[in-house]
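Everything below concerns the one structure shown next.
Chain letters run A, B, ... following the sequence lines, proteins first, then strands; residues in each count from 1.
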2 protein chains.
Amino acid sequence: MDRVALKERTREHAPAMAARPPLPLGQILDGDCIEAMRALPSASVDMVFADPPYNLQLGGDLARPDGSHVDAVTQDWDKFDSFAAYDAFTRAWLAEARRVLKPDGSLWVIGSYHNIFRVGAILQDMGFWILNDIVWRKANPMPNFKGTRFTNAHETLIWASMGEKARYTFNYRAMKTLNDELQMRSDWVLPICGGQERIRKGGAKAHPTQKPEALLYRVMLATTNKGDVVLDPFFGTGTTGAVARRLGREWIGCEREPVYRDVARERIEMALPLDESSLKTMQSARTAPKVAFGLLVETGWIAAGTQVFDRKGRHRATVRADGSLVSGDADGSIHGLGAKLQGAPSCNGWTFWHIEHQGEVKPVDAIRQLYLLATEP
Amino acid sequence: MDRVALKERTREHAPAMAARPPLPLGQILDGDCIEAMRALPSASVDMVFADPPYNLQLGGDLARPDGSHVDAVTQDWDKFDSFAAYDAFTRAWLAEARRVLKPDGSLWVIGSYHNIFRVGAILQDMGFWILNDIVWRKANPMPNFKGTRFTNAHETLIWASMGEKARYTFNYRAMKTLNDELQMRSDWVLPICGGQERIRKGGAKAHPTQKPEALLYRVMLATTNKGDVVLDPFFGTGTTGAVARRLGREWIGCEREPVYRDVARERIEMALPLDESSLKTMQSARTAPKVAFGLLVETGWIAAGTQVFDRKGRHRATVRADGSLVSGDADGSIHGLGAKLQGAPSCNGWTFWHIEHQGEVKPVDAIRQLYLLATEP
DNA sequence: ATTTTGCGTGAATCGTACG
DNA sequence: ACGTACGATTCACGCAAAA
């Protein structure tokens, strides 16, 4: 895995070499996240992923043109008296996040224009060093029903290290493989969380702001390594925990609503960890084609760990988490490995590799077509 | 054109009713932008578009509000001090921008993750109300050569009104037309400025951060009207002026570098204004000529006594001679009765009620459109 | 069984004029 | 500063019901 930049030496993060309290791995801590984080030792986690309240400040009710009611975020946890109050809250949880992060760890925060500018400025003031801002471009956002503004079709994530000179983890090669051999950009197109993935209780959504697993998948695959500890101070229904388990990362959550904690625990229990070979991500350079095979893995159209094979059954391979394939000692992109196994100069992996899908054997290109049909036109 | 929300009345923006200094339209003001803006009358411009310096370490570009120089010589410079200086500079120019903006005017700022979070938080603190954050997704960004981060493939714009209750201009219909009859979203894909458009002096680019005209075109078309005054405090090579001229908007620039001023003047002179007919944009119903339902009855397009019904045939009503509807005991306007029968708080009668016209079932809005077509000058 | 149509819904700062 | 009346406004996706 890639380690970038020099190791930062700061007194505040010198690891305590004496006996340290054990980390509550795989646990959801009860109560206020700031209090909960205080119970954790300093410099002990590799990543913090935070989806704090956005402080939306919504007005009255909103109706669609057809008269139906928009189910808005009206929860108390999103209410703050003023920008100053929100800022104080933000400083408090960020300070704890900074304390528990290892010097080489990194921070992710997601937000919208309501809060993200404040969060970004505060974390800069605290010494965090912004590495990228990432735009999650929603494939299917809610429209602006009244025609008063531009459709609010994205959210923003900030990725920051502990300081300008800090090392941090960035799995460049895995990201490039995931993006079909093009550098991963700062704008990610992903659908919002809906369908089977959206957790419902009695027909209603269990949590108003559940994030898609594909988003966390990319975040974690890009900036943590297997076995790393990921802390989510605003755990909600546990998307972070579910993805961490799938990707072989350790996790700790904080969540003060008992209902969300229950939902999260049940959900994470059902998340199946990927096996060892699927988790190994590409380490070296390869060459390959166009529409990302990795995107199909990330979005769950093809699960990591899935077996693929050629039409005559002479070659088999396993899909890894970053969209690469592994077959015995050999690995590569769908195209590279196909060529290697056949001893051919090149291979169109999309038509070479097949998959069993709904009881039928289909080329993986068929899955791509399904994805394209479902997302593009 | 659309005006949204109530007119804000604040003392700070009460227009001076006495003689006002004339606006220096079509001029590039010399010197520091904060000083230059001080020469402009309060509440006099409709839009401010600002592309402030991004890089916090451009010591030469940073001056404190009192004019003193920000010392940025030492390599190990104090981040907090530099952020504070940048914030002071930002507050100073935003305060002047706020003073010169009309109560119904709006502000645009473009930036990257280096500065946009600070700018956004500060403008919120000053009372500006964020309407959208817009992501300019670069079609052709510079790659990340070292492979240490995600390719930084976007910049962020903030669009803000003078306050929560302020009116602002948003040409919804023009944007929808521009976007192939779909609502314009908050993510815009546009190429960076290059090729013929990129101004060069002796082979080298004349300005390091020249923005594409397409970006300003969309900004101005969306949020100003013909004849509006647009102020750009960081004029550079005058993209704002060139697009303003093309779109029939007035402009004022501030730029302290003589070289940029010369380039901008020459460039804007060559920009050809569009003719009147090209400038006419699609109007929303809100601003299109109003047609009362009663007028259609009065003029015989819909006869009194005609039966109207909702699309699913659950409700029927009869048109009365005064343009009201009656259904059993209930009556009212097309909107009021529609709402009443559905038990809804409101209803768009134009699309709710249908009529049989030439053997087809059509919303009554279709008849209004026919009327408009037939009576259009 | 397969295709078409209908309907519900998603982190939303979502109206204006005139009494 | 209210209240009240008028009237303008939606995209993509998942799933269920119907054809």
Side-chain angles (χ1 to χ4, degrees), chain A residues 51-75 77-79 110-116 136 138-156 191-198 200 203-205 207-212 236 373-377, chain B residues 2-7 9 124 129-133 160-161 163-165 167-168 170 172-173 176 179 181-186 284-288 290-294 311-312 323 332-336 338-339 345-352 365 368:
Chain A
D51 181 10
Y54 288 7
N55 190 23
L56 288 185
Q57 305 176 60
L58 303 179
D61 279 356
L62 180 64
R64 296 185 171 81
D66 66 5
S68 67
H69 175 77
V70 174
D71 186 14
V73 179
T74 52
Q75 277 73 8
W77 50 252
D78 197 46
K79 300 220 183 310
I110 182 167
S112 67
Y113 66 84
H114 309 84
N115 70 323
I116 198 66
W136 168 28
K138 300 180 184 183
N140 49 344
M142 192 187 300
N144 181 296
F145 298 115
K146 305 291 187 190
T148 56
R149 305 180 179 187
F150 299 99
T151 305
N152 190 10
H154 73 275
E155 294 189 21
T156 302
I192 61 176
C193 182
Q196 294 295 338
E197 188 186 331
R198 187 84 193 206
R200 293 184 162 84
K205 52 191 177 190
H207 192 284
T209 70
Q210 186 184 340
K211 296 294 177 286
L373 277 172
T375 56
E376 293 294 333
Chain B
D2 311 313
R3 286 286 172 172
V4 187
L6 292 167
K7 184 159 187 166
R9 257 177 296 181
Q124 282 183 313
W129 191 251
I130 298 180
L131 298 166
N132 279 114
D133 59 335
S161 70
E164 179 174 1
K165 305 288 186 195
R167 289 164 173 263
Y168 55 90
F170 181 54
Y172 175 75
R173 203 67 196 67
K176 190 166 175 176
N179 196 37
E181 290 305 311
L182 288 178
Q183 284 191 342
M184 187 69 80
R185 300 169 39 119
S186 57
S284 20
R286 202 177 282 141
T287 52
K290 292 236 188 317
V291 177
F293 184 72
R311 202 170 48 80
K312 294 169 198 159
S333 71
I334 55 170
H335 312 290
S346 69
C347 165
N348 180 356
W350 289 110
T351 52
F352 178 73
D365 190 55
R368 178 169 62 159

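Checking dA12(D), dC11(D), dC15(D) against every side-chain atom of Q183(B), the shortest atom distance belongs to dC11(D). Each of dA12(C), dT13(C), dT10(D) was ranked by its minimum atom distance to the side chain of L62(A); first place goes to dA12(C). Residue K146(A) places its side chain closer to dC14(C) than to any other of dG10(C), dC14(C), dT13(C).
Note on K176(B): only backbone sugar-phosphate atoms sit closer than 4.0 angstrom, heavy atoms only; bases stay farther off. T209(A) comes within 4.0 angstrom of a base, heavy atoms only. Among the protein residues, I130(B) comes within range of the nucleic acid bases, having at least one heavy atom under 4.0 Å from a base atom. Counting non-hydrogen atoms under 4.0 angstrom, N152(A) reaches the backbone sugars and phosphates but no base.
The distance between atom CH2 of W136(A) and atom P of dA11(C), rounded to the nearest whole Å, is 7 Å. Distance CZ (R64(A)) to C1' (dA8(D)): 17 Å, rounded to an integer number of Å.
Secondary structure note: stems in DNA chain D built from 3 or more consecutive Watson-Crick or G-U wobble pairs under 3.5 Å occupy C:2-10 with D:11-19, C:15-19 with D:2-6.
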Sequence-aligned protein contact record of nucleotides 3-8 of chain C, with B where the base is within under 4.0 Å of a protein heavy atom and S where only the sugar-phosphate is: ----S-
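One P atom belongs to dT13(C), the other to dG7(D), and the distance between them is 27 Å to the nearest Å.
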